[in-house]
Amino acid sequence: MAPRYDFKKIEAKWRDFWREKGFFKPDLRDTQRKFYYLNMFPYPSGEMHVGHGRNYILGDAYCRYLIMRGYNVLNPMGYDAFGLPAENAAIERGVHPRDWTYRNIETFRRQFRLWGVEFDWDREIATCEPEYYKWNQWLFLQFYKRGLAYRKDAWVNWCPGCETVLANEQVVEGECERCGTPVTKKKLTQWFFKITAYAEELLNDLEKLEHWPERVKTMQRNWIGRSEGALIRFPLVDCDGVIEVFTTRPDTIYGATYMVLAPEHPLVDQITTPERRDEVRRYVERAIAESEIQRQRVDRPKTGVFTGAYAINPANGEKIPVWVADYVLMTYGTGAIMAVPAHDQRDFEFAKAYGLPIVPVVQPEDRELDGATMTEAYEEKKGVMVNSGPFTGLPAGPETIQKFIEHFEREGFGQRHVSYRLRDWLISRQRYWGTPIPIVYCEKCGTVPVPEDQLPVLLPEVEFLGKKGLAEIPAFYETQCPKCGGPAKRDTDTMDTFVDSSWYYLRYLSPHDDERIFDPELVNAWLPVDQYVGGVEHAILHLLYSRFVTKALRDMGLVNFDEPFARLFTQGMITHKAYRCVEHGWIHVKEVPEDETCPHCGKPLLTEVAKMSKSKKNVVPPDDIIERYGADAERLYTLFMGPPEKDIEWTEEGIRGAYRYVNRLWALVWDYQDVVRQAPDEPVRREALPPREKQLWRVLNEKIKAVTEDIEGFRFNTAISALMELTNELHDYIEHHKGERERLHGPLFKRAVEALILMVSPVTPFIAEELWRLVGHEDAVLEQRWPEPDPDALIVEEREIVIQINGKVRDRMTVPAPLSEDREQLEKLALERVQHRLDGKRVQRVIVVPGKLVNIVVE
RNA sequence: GCCGGGGUGGCGGAAUUGGCAGACGCGCGGGACUCAAAAUCCCGUGGCCGCAAGGCCGUGCGGGUUCGACUCCCGCCCCCGGCACCA
């Protein structure tokens, strides 16, 4: 009888072993078999839960596998350590964000160790260290030099909850991505990174990323939002100037019956006639005050006001009124449109509401459009151009659109233009816990970049100030101009933390270099990252910014690749039931009794399956799981629970199932360790094996093949099920010989058990290391070679042939392998075999699929 | 509305150049061990009919192609994610 599987003792025994042996430290000079594996680095918030494990356990298992395959694996870890939650937590607890952050980092390190998740710890980085953020500042200065960082006065997203501005990417359905507060607009002077300069390339290069999930690429395509069309200038009547519009339908210009400016459009004030001024001002003020959510509701009625001004339609010389309406957005195109109500549903609704003329210029083939009776806009590009001057009679479509644009270009009032939804990346943040922007404002010299040799601009060492930023710390912002030495003021904003994470994967190659941002030689040798893994929530934000920064660095000559991440895998979330009592609110999962009633009042609890969060009190900490079932069981369950890209619910039953398997594995190897240890180390020859042994030999090699292929494809769930099948097969084999160990085939049994231990080791490294010693080895599992299938073992001597009648399985027969390829023989044998079922029925046809089946078609 | 992904037992999920649907695990039922329970082990487990042998039905719905469809085609429904007054 095996002694109890004492996971605590075993895991404690091996916990520091791999680190001490240096298995996770690559030799960076050896790039022959290099593999750069990377998990998205975490934000160190409190402590990790089992959901975080999805990411890191997967990565650790994959890297252990790669090491055994002989790869030189770089798998580093760090912390995205700047950010607002640190400030908020610090405000709540009265500790400095730095202390809170470092305490969390300490917890994360402890948890990684408990999990057996190993990295090259010499490369650990934290973005809040001056050693790191100095290079954020350096990067900013390089961007500034090249015009990729610029300051402008703009309407920006403002989160009243976080008291800071946000990038467009951080506004989700009108709300702050972080805190959910409805976002408002503010006009501020802020720093931007010119990501739009790379819009076209960011879009086109998505095609190169064949190993990225389709949905991430689609999301980025949508986000970039390319549309082709034209810019057209409409001269104003009675005053100088023009209104420039962007349109994707230049062919409908003859149907433009009015124009609309966004409420924030700078021309609004200039062109509004005195008698309309009050009304326009009221409308504009109200529109600007409204939140983005209210304004962006698709279903709300169109509103607007007439400015009193007119413009000339440059195509036909007609005078058309200029309106202001909030359905036109200042942030897209030029902030102004030509309105063609007959062919644009939004313009149509507006025209109907305000009695503006509707003039069709595209007539469909099957009906006659009439502006007076139309009930909706005709948006299709099919039919014939009408009412369109020299274009009348042309077929509607792309060719005609081109002709229109050429006409505009000849006449000089418009030109071809591509517009993007993507806007420049606003990087200023009015917060303390971030990278100071290395810019000084001098009354004499203006905007002056901090010289590179004066970096880093350090965050001031202050008692934490609560919800106040650098703007409240004179000791920080009062400075001298680097150019003239006169009194000057520092920029008091910090950078968006997405700047920190947009290049960290480059820093891992030389994390402590204080001469330069990274070592280009190493970076070019090791990048792009071979495999990047993280949550899909970064599909746009982090991944788009990183792609942009990589391209910018390439154009500076610092890197020689176009894309930072060759392969991307997005793992799903782990969810858990959350319980709520109508009276007592969220109830912690640990306090919920078996019958799912409230521990305070006994009422039945409401349940929902949700992402683990402190607020819903449904967080499962790994520490508890490891205490009760061990890290190996948690790792096994995490990888077995389902396909890693899918969201999945954590259950107590599931972890128990995994624990059972680890126990079974322990007992199996323990009980038969002597058979393995004493077996002669001789090759297994298939021909020499008795039938049951032949089967074990075949199954073993099939499973080696299956497990290997599954791990390569990140299908750990099916890899583990194959390992379980192999374990079951071994049990069955032992059972076949009634557990009499002298009847077991030593060399074969040894091969099978050892392959099982090695193949399970990426998933359950602790027990694997222990079992490996138990069967008589002195060196480490990570020093072993990954098992290879023996092609000879995969040869099948007999095949089972399915016999169908009319496509339904009716019988099966086992035939020698060579015979299974003989169509005529198979047909004959099958007919004989099912003769009794065919009585009297006429056989019409027989389909034979060699090696697989015979289908007899009757009547 | 547009784009992407998906829908298979009580549950998580396997299976695709069209060829045995439900691997593996959970749960459940039965048995062994035990004074008893837990743990463990063994057997069973898609539904319906049948004592059984066996039969019928079955991969969201409706059609189609095919000897044969979870898999391919056409038309729908539902769920998840992204974008959305983007001109």
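Below, chains carry the letters A, B, ... as their sequence lines are ordered, and counting in each starts from 1. Computed over heavy atoms, backbone and side chain alike; hydrogens, waters and symmetry mates excluded.
You'll find a donor-acceptor pair under 3.5 Å spanning the side chain of A:Lys302 and the base of B:rC85, going by distance alone. The base of B:rG19 lies close enough to the side chain of A:Gln804 for a donor and an acceptor atom to sit less than 3.5 Å apart.
Of the candidate nucleotides B:rG27, B:rC24, B:rC67, B:rG27 has the atom nearest to the side chain of A:Glu653. The nucleotide whose nearest atom lies closest to any side-chain atom of A:Ile540 is, among B:rC42, B:rG82, B:rA87, B:rG82. Nearest nucleotide to the A:Thr218 side chain, out of B:rG4, B:rA14, B:rG27: B:rG4. Taking only side-chain atoms of A:Arg660, from C-beta outward, the nucleotide of B:rC83, B:rG25, B:rC26 with the closest atom is B:rC26. Distance from the side chain of A:Asn728 is smallest to B:rC24 among B:rG19, B:rC24, B:rC85. When distances run from any side-chain atom of A:Asn717 to the nucleotides B:rA87, B:rG55, B:rA14, the shortest one goes to B:rA14. Relative to the side chain of A:Met219, the nucleotides B:rG25, B:rA87, B:rG82 differ in distance, and B:rG82 lies closest.
Going from the C1' atom of B:rC76 to that of B:rG13 covers 27 Å, rounded to whole Å. Taking atom C1' on both B:rC33 and B:rA69, the two are 49 Å apart, rounded to the nearest angstrom. Here, B:rG22 and B:rG29 have their P atoms 24 Å apart, quoted to the whole Å.
Here B:rG1 sits opposite B:rC83 as a Watson-Crick or G-U wobble pair (both hydrogen-bonding atom distances under 3.5 Å).
Between A:Phe640 and A:Tyr661, a ring centre-to-centre spacing not shorter than 6.0 Å is recorded. Aromatic ring centres of A:Phe7 and A:Tyr629: separated by at least 6.0 Å. Annotation: A:Phe246 is in aromatic contact with A:His417 [ring centroid separation under 6.0 Å].
Regarding A:Trp666, its CH2 atom lies at a distance of 17 Å from the P atom of B:rU40, rounded to whole Å.
Looking at heavy-atom distances under 4.0 Å, A:Pro213 makes no contact with the nucleic acid at all. Nucleic acid contact for A:Arg810: sugar-phosphate only, since backbone atoms but no base atoms lie under 4.0 Å from a heavy atom of the residue.
The cationic group of A:Lys302 lies under 6.0 Å from the six-membered ring centre of A:Tyr327 and within 45° of the ring axis, placing it in a cation-pi geometry.
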